[in-house]
Amino acid sequence: MYSLLMTILLILSVIIIIAVMMQPAKTDSAMSSLTGGAGDLFAKQKPRGFEAFMQKVTAFLLFLFFAITIAMVYVSAH
């Protein structure tokens with residue numbers, strides 16, 4: 001059981017890395033602090049489309065990662 005959980009955890013780790021790398025970059029340049037932050041007025045928009053989907057997928061994968069990790073601790077203790 002422990003080796004099965006470890007295999008799932010390793011595969012899930014690689015998938016999480018891929019999911020994080022696929023997310024669009026959010027550039028926060030230092031120029032906004034020099035210009036008074038006028039460009040930040042519309043910078044806090046709600047994610048839509050692919051960005052929102054990838055955030056949900058990443059959150060779900062991280063939830064699975066922590067659940068499997070806790071299951072591994074439980075299995076190794078008993």
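Values in this document were obtained by computation on a predicted structure and should not be read as measured data. What's counted below: heavy atoms across the whole structure, side chains too, no hydrogens, waters or symmetry copies.
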query = Taking all non-hydrogen atoms of both residues, which atom of L61 and which atom of A19 are closest, and how far apart?
reply = CD1-CB, 4.0 Å
Non-hydrogen atoms of M6 and M72 that approach each other most closely =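 Scanning both residues, the minimum pair turns out to be CE-CE, 3.6 Å.
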Return the [atom1] to [atom2] distance between [X] and [Y], rounded to the nearest 0.5 Å.
X   : Y   : atom1 : atom2 : answer
I16 : L64 : CD1   : CG    : 8.0 Å
M54 : Q23 : CE    : CD    : 5.5 Å
I18 : S13 : CD1   : OG    : 11.0 Å
L9  : F66 : CG    : CZ    : 10.0 Å
L12 : T7  : CG    : OG1   : 12.0 Å

Spell out, yes or no, whether [X] and [Y] are grouped together once hydrophobic residues are joined by side-chain heavy atoms under 4.5 Å, including indirect joins.
X   : Y   : value
V20 : I17 : no
V75 : L10 : yes
L62 : I70 : no
M22 : F65 : yes

ask   = Which other residues belong to the hydrophobic cluster containing V73, where Ile, Leu, Val, Met, Phe, Trp and Tyr are joined when side-chain heavy atoms lie under 4.5 Å apart, directly or via other members?
value =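 In the cluster with V73 there is nothing else; it is isolated.
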ask   = When you look at CZ of F53, are more than 12 heavy atoms from neighbouring residues, nucleotides or ligands closer to it than 6.0 Å?
value =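 Atom CZ in F53 is not packed in, count stays at 12 or less.
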